[in-house]
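Have a look at the structure below before the remarks.
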Amino acid sequence: MPIEAMWAVIGIVAGVVVGFIISRFVANSSTKRAAQEAEELVSKAKSQAADTVADAQRQAETMRREAIIEAKDEALKLKQEAQAESKERMKEIRAAENRVSQREESLDRRVESLDAREQQIASLQGQLDRRSDELDEASREITRRLEGVAGMTPEEAKAELLDTLKEEVTHESAAIIRDAETRTKAEADKKARSILSLAIQRVAADHSAENTVSTIHIPSDDLKGRIIGREGRNIRSFEQLTGTNLIIDDTPECVTISCFDPVRREIGRVTMENLIADGRIHPARIEEMFKKAESLVNQRVQEAGEQAAFDTGIHDLHPELVRTLGRLRYRTSYGQNVLNHSLEVAYLTGVMASELGLDPVPAKRAGLLHDLGKAVDHEVEGSHAVIGADLARRFGEKGEIVHAIEAHHNDIEPESVLAVLVQAADAVSAARPGARKETLDAYVKRLEKLEEIANSYKGVERTYAIQAGREVRVMVEPDKVDEAATVVLAHDIAHRIENEMQYPGQVKVVVIRESRAVGIAK
């Protein structure tokens, strides 16, 4: 306990005692006896306080000496510990110095060894250089001897070697192409035929060709004069109102309506049939019948578009797209009704998408709208695929639908499965027997183009397009085209036909190499 605190305690105790005595003294100050007792008590308290103070001083002195002794012991102990720790660290330092010195000695020995090895390597390098010069000279001597034996320069030998390698690579590439095509066709044809056969089987559509009627039967040829009218006023009024050309020639009991717009042609046909049935033909009656026919045809167009959307399960088409779609009812392509063709493509695309695990709804939508541009292609310049894509984009169709419409005739490269499915369904619908008619000029040009592509290759002697252009037989010169090169040639011709031509179905390329050995006995 600190000396100052002890003295404070002693002072407090003394104060309490003195206060108590004084209070007793004050309380008993009324009597003398009390005063005397108080004096005695005060003196006794003073003596006791003096004794207490002396004892406290002695105890404080004793505690101070003990504290000094303890501090000296603690300092001595710390000094001994520090000395021991210093000795331990000195031992570690000496050990580290020993290790460092040993490593220095080891490094010195390694440096000496490396110097010796460098000297050996330098010596060996000199020997290798001499040997290399000797080998180069020997190689040049061997080359000169080989040139003398072979009778060819290195460039000529290299050219001959490249020719040999080229022939070997041609044979190997032909074998690789044959094997790859065999495996790929076996797998792809099997899967594609399965999907297409299932789609065709499930879509049983009527494929009879339907043409827009533009020839109208009349009861007698006497009616032709009434149709023409006095000084041709009736025919002029009819052509002006309907926007068509009315052809009245020597063909018995019929008149012909000509117009690029199939809807206007249909309006003219209905107007003329109503006029013939009514019997009254004059400009006012023609105008009246034209308005009725226009209203009727527009109603049929709207109903046809709505029915097509309903049949395919598409209910959120823009009204203008529905109306444009309905106009395809009166549009034909190679004798095939375009609206029926669009419905069939929608069904085929939906079935094939379902078989591939895709959503059939956007597939049907793209199939239904893929020929949308044919409704207005006589009014706008460009491919019907591009026109249809622009229409679909303008009226809010999604990008994948617009892309499938634009790519279905390879105006742009197809970049999605949906676009490829629309292409396949369009080809299936158009290539079915009886679905389309092809003009004689287009047929002849297609055959000529097939033969022209095949004849453009080196070594081809003759080419024949047979089976209505479904097969091309290529005769090659046997001394210019070997067996392996025939495989490569057939592959190249087929690939070029795919890239440069449009045709229904597929074209088979057959390369024929005939070699004959002739011996003459004399």
query = Which residues satisfy the salt bridge (charged side-chain N to carboxylate O under 4.0 Å, His left out) test with K508, sequence neighbours excluded?
reply = none
query = Which is it for L372 and L321 under the side chain to side chain contact (heavy atoms under 4.5 Å, CB included) test, yes or no, and what are the steps along the way?
reply = CA-CA 8 Å; L372 193 68; L321 290 182; 3.4 Å; yes
task = Look only at the side chain of H403 and the backbone of E415, and say whether a donor-acceptor pair between them is shorter than 3.5 Å.
result = yes
query = Between L368 and V345, is any pair of side-chain heavy atoms under 4.5 Å apart?
reply = no
inquiry  = So does V422 get a backbone contact from the side chain of D426, meaning a donor-acceptor N/O pair under 3.5 Å?
reply    = no
task = Drop me the distance from Q59's CD to M63's CE, to the nearest 0.5 angstrom.
result = 8.0 Å
inquiry  = In the structure I gave you, are the side-chain heavy atoms of V509 and I497 within less than 4.5 Å of one another anywhere?
reply    = yes
remark   = Rounded to the nearest 0.5 angstrom, the CD-CD distance for E85 and Q80 is 14.0 Å
key: Test log, rule side chain to side chain contact (heavy atoms under 4.5 Å, CB included), inputs L328 and L325   = CA-CA 6 Å; L328 296 177; L325 190 65; 3.9 Å; yes
key: From R110 atom CZ to R117 atom CZ, the distance as rounded to the nearest 0.5 Å   = 10.5 Å
message = Looking at R365 and D316, is there a salt bridge between them, counting it only when a charged N and a carboxylate O are closer than 4.0 Å?
response = yes
request  = Determine, for E320 against R394, whether the closest basic-nitrogen to carboxylate-oxygen distance falls under 4.0 angstrom.
outcome  = no
inquiry  = Taking the side chain as everything from C-beta on, heavy atoms only, tell me whether R65 gets closer than 4.5 Å to I68.
reply    = no
message = If we ignore hydrogens and angles and just use 3.5 Å, is the side chain of S101 paired with the main-chain N or O of E97 as donor and acceptor?
response = yes
query = Between R140 and E137, is there a salt bridge with N-O shorter than 4.0 Å?
reply = yes
task = State plainly whether the residues D133 and R130 are in salt-bridge range, i.e. N to O under 4.0 Å.
result = no
request  = Look at K445 together with E448 and state whether they make a salt bridge at an N to O cut-off of under 4.0 Å.
outcome  = no
request  = I would like to know whether D371 and S342 meet side-chain hydrogen bond (donor to acceptor under 3.5 Å, both in side chains); could you show each step before the answer?
outcome  = CA-CA 7 Å; D371 270 347; S342 298; 4.8 Å; no
key: S354 side chain to G350 backbone, donor-acceptor under 3.5 Å   = yes
inquiry  = Under a 3.5 Å distance rule, please check whether S86 uses its side chain to pair with a backbone N or O of A82 as donor and acceptor.
reply    = no
Intermediate values then yes/no, salt bridge (charged side-chain N to carboxylate O under 4.0 Å, His left out), K77 and E74 = CA-CA 5 Å; K77 183 178 179 182; E74 185 69 24; 5.5 Å; no
ask   = Has the side chain of T52 got a donor or acceptor atom that lies under 3.5 Å from a matching backbone atom of Q48?
value = yes
ask   = Out of curiosity, I93 CD1 to K91 NZ, how far, rounded to the nearest 0.5 Å?
value = 13.0 Å
key: NZ-CG distance between K449 and L447, expressed to the nearest 0.5 angstrom   = 13.5 Å
ask   = Is any side-chain heavy atom of Q119 closer than 4.5 Å to a side-chain heavy atom of S123?
value = no
key: Over 12 non-hydrogen atoms of neighbours within 6.0 angstrom of NE2 in H318   = yes
ask   = Under the criterion side-chain contact (heavy atoms from CB on, under 4.5 Å), which of I453, I512, V460 is the partner of V474?
value = V460
key: side chain to side chain contact (heavy atoms under 4.5 Å, CB included) assessment of L317 paired with L369   = CA-CA 10 Å; L317 282 176; L369 300 178; 4.0 Å; yes
Separation between CD of E141 and CG of L135, rounded to the nearest 0.5 Å = 13.5 Å
message = So which atom in P362 and which in I401 form the shortest heavy-atom distance, rounded to 0.1 Å?
response = O-CD1, 3.5 Å
query = Taking the side chain as C-beta and beyond, is there a heavy-atom pair between D311 and Y347 under 4.5 Å?
reply = yes
key: Residue pair Q125, D129: steps toward the side-chain hydrogen bond (donor to acceptor under 3.5 Å, both in side chains) verdict   = CA-CA 6 Å; Q125 185 65 39; D129 292 339; 3.1 Å; yes
ask   = Below 6.0 angstrom between ring centroids: does that apply to H408 and H384?
value = yes
key: Donor-acceptor contact present, side-chain T312 to main-chain A308, <3.5 Å   = yes
task = Measure across N455 and R462 and return the closest heavy-atom pair with its distance rounded to 0.1 Å.
result = OD1-C, 4.1 Å
message = Show the nearest heavy-atom pair for residues G459 and V481, with the distance to one decimal.
response = CA-CG2, 3.9 Å
message = How close do A389 and I405 get, counting heavy atoms only, and between which atoms?
response = N-CG2, 3.6 Å
inquiry  = Between M352 and V420, does the side chain to side chain contact (heavy atoms under 4.5 Å, CB included) criterion hold? Intermediate values first, please.
reply    = CA-CA 11 Å; M352 288 190 289; V420 176; over 6 Å; no
Option among E477, E483, E461 that satisfies the side-chain hydrogen bond (donor to acceptor under 3.5 Å, both in side chains) test with R513 = E483
remark   = Minimal heavy-atom distance between T349 and A363, with the atoms involved, is CG2-O, 3.4 Å
message = Within the supplied structure, the quantity of interest is the number of heavy atoms (other residues, nucleotides, ligands) at a distance under 6.0 Å from R473 CZ; does it exceed 12?
response = no
query = Between H370 and H409, does a side-chain hydrogen bond (donor to acceptor under 3.5 Å, both in side chains) hold up when you go through it step by step?
reply = CA-CA 10 Å; H370 81 285; H409 278 315; over 6 Å; no
task = Of all the heavy-atom pairs spanning L418 and A404, show the shortest one and how long it is.
result = CG-CB, 4.3 Å
